[in-house]
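Computed over heavy atoms, backbone and side chain alike; hydrogens, waters and symmetry mates excluded. Position 1 is the first residue of the sequence; numbering continues from there. Predicted model, so just to flag it, every value in this text is computed and none were measured.
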Amino acid sequence: MVDAKTSGVFPRAMKATAVPSASRNRVLSLPNLLTYSRIAAIPVVVACMYWQSILQGGLWLRWVALVVFIAAGITDFFDGYLARTWDQQSKLGRMLDPIADKLLVASCLLMLAADNSIHGWTLWAAIVILCREILVSGLREYLAALRVSVPVTKLAKWKTTIQLVAIGFLIAGEAGEQILPATTLIGIALLWMSALFTIYTGWDYFRAGIHHLIKEDEG
């Protein structure tokens with residue numbers, strides 16, 4: 001005969017083993033795998049750009065870097081879309097998704113500055129973009145501790161799209177000039193446009209963050 005108290009242990013034991021399994025499925029879900037792939041793409045893009053510009057490799061390396069960058073940019077759309085559609089959203093995914101975007105953008109901008117694709121006054125556009133990303137990351141981290149979420153606006157999504165397209169044109173650079181002579185100029189123009197959107201959306205986030213900070217201090 002099995003004691004009723006003892007039998008109560010089995011459901012708890014089954015639940016204890018089920019939770020890690022469910023958690024593991026979330027970690028290895030397709031949306032999260034796409035986010036991981038975006039992070040993994042960063043060293044590939046950087047290596048191709050470094051090999052071509054610093055080590056004087058062939059222009060074909062620019063095309064490889066561009067293809068990998070575009071693939072990474074596409075995953076930025078699909079990981080969030082699939083997570084919402086399939087109800088596979090996770091805390092890990094929500095944390096890594098913006099981090100992956102910022103790592104990809106920052107590393108590409110630094111390499112573009114290193115190979116002189118971005119120079120002179122255009123460096124200010126890159127600086128504005130990087131400073132905004134740091135500011136928003138800091139605000140999000142602090143507000144998360146207060147359990148306050150700052151939703152991503154549609155304008156911010158457009159900013160990200162224009163930013164990625166601009167970087168794509170600049171990565172193509174000299175290789176792209178052989179097909180479209182204005183490739184670099186288009187990239188620079190789009191980068192400045194992205195910087196303007198960056199200032200506006202950055203101020204929007206900053207204003208929302210300051211509002212919550214003031215309320216916290218007054219409370």
May I ask you to decide if [Y]'s main-chain N or O and [X]'s side chain share a donor-acceptor pair within less than 3.5 Å?
| X | Y | answer |
| --- | --- | --- |
| Thr122 | Ile118 | no |
| Thr198 | Ser194 | yes |
| Thr160 | Ala156 | yes |

Would you say [X] and [Y] are hydrophobically clustered, going by side-chain heavy atoms of ILVMFWY under 4.5 Å?
| X | Y | value |
| --- | --- | --- |
| Leu185 | Leu170 | no |
| Ile186 | Ile167 | no |
| Tyr36 | Val68 | yes |
| Phe69 | Leu190 | no |

(request) Could you list who else is in Leu196's hydrophobic cluster, with ILVMFWY side chains joined at under 4.5 Å, directly or through other members? (result) none
(request) Could you list the residues that satisfy salt bridge (charged side-chain N to carboxylate O under 4.0 Å, His left out) with Arg132, not counting sequence neighbours? (result)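 In terms of salt bridge (charged side-chain N to carboxylate O under 4.0 Å, His left out), with neighbours along the sequence ignored, Arg132 is linked to no residue.
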(message) Is there a side-chain contact between Val45 and Met111 in this structure, where contact means two heavy atoms from C-beta onward sitting under 4.5 Å apart?
(response)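 Of all side-chain heavy-atom pairs linking Met111 with Val45, none is under 4.5 Å.
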(message) Can you confirm whether Met49 sits close enough to Leu61 that some side-chain heavy atom of one is under 4.5 Å from a side-chain heavy atom of the other?
(response)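 With C-beta onward as the side chain, the pair stays apart.
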(message) Suppose we screen for side chain to side chain donor-acceptor pair (under 3.5 Å). Which residues come up paired with Thr184, at least two apart in sequence or across chains?
(response)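 So Thr184 forms a side chain to side chain donor-acceptor pair (under 3.5 Å) with Glu177.
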(message) Tell me which pairs pass ring-ring contact (aromatic ring centres under 6.0 Å, His included) where either residue lies in residues 158-196, with sequence neighbours left out.
(response) none
The criterion is side chain to side chain contact (heavy atoms under 4.5 Å, CB included); which residues satisfy it with [X], sequence neighbours excluded?
| X | answer |
| --- | --- |
| Leu155 | Thr153, Phe197, Tyr200, Thr201 |
| Leu110 | none |
| Ile54 | Tyr50 |
| Ile134 | none |

Salt bridge (Lys or Arg N to Asp or Glu O under 4.0 Å): pairs with one or both residues in [range], sequence neighbours excluded:
| range | result |
| --- | --- |
| residues 52-61 | none |
| residues 45-56 | none |
| residues 34-48 | Arg38-Asp76, Arg38-Asp79, Arg38-Asp97, Arg38-Asp101 |

(message) Nearest 0.5 angstrom please: Leu191 CG to Leu109 CG, how far?
(response)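 Spacing of CG (Leu191) from CG (Leu109) equals 6.5 Å.
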(request) Sequence neighbours left out, what pairs pass side chain to side chain donor-acceptor pair (under 3.5 Å) with at least one residue falling in residues 57-67? (result)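 Sorted result for residues 57-67: Gln52-Arg62, Arg62-Asp115.
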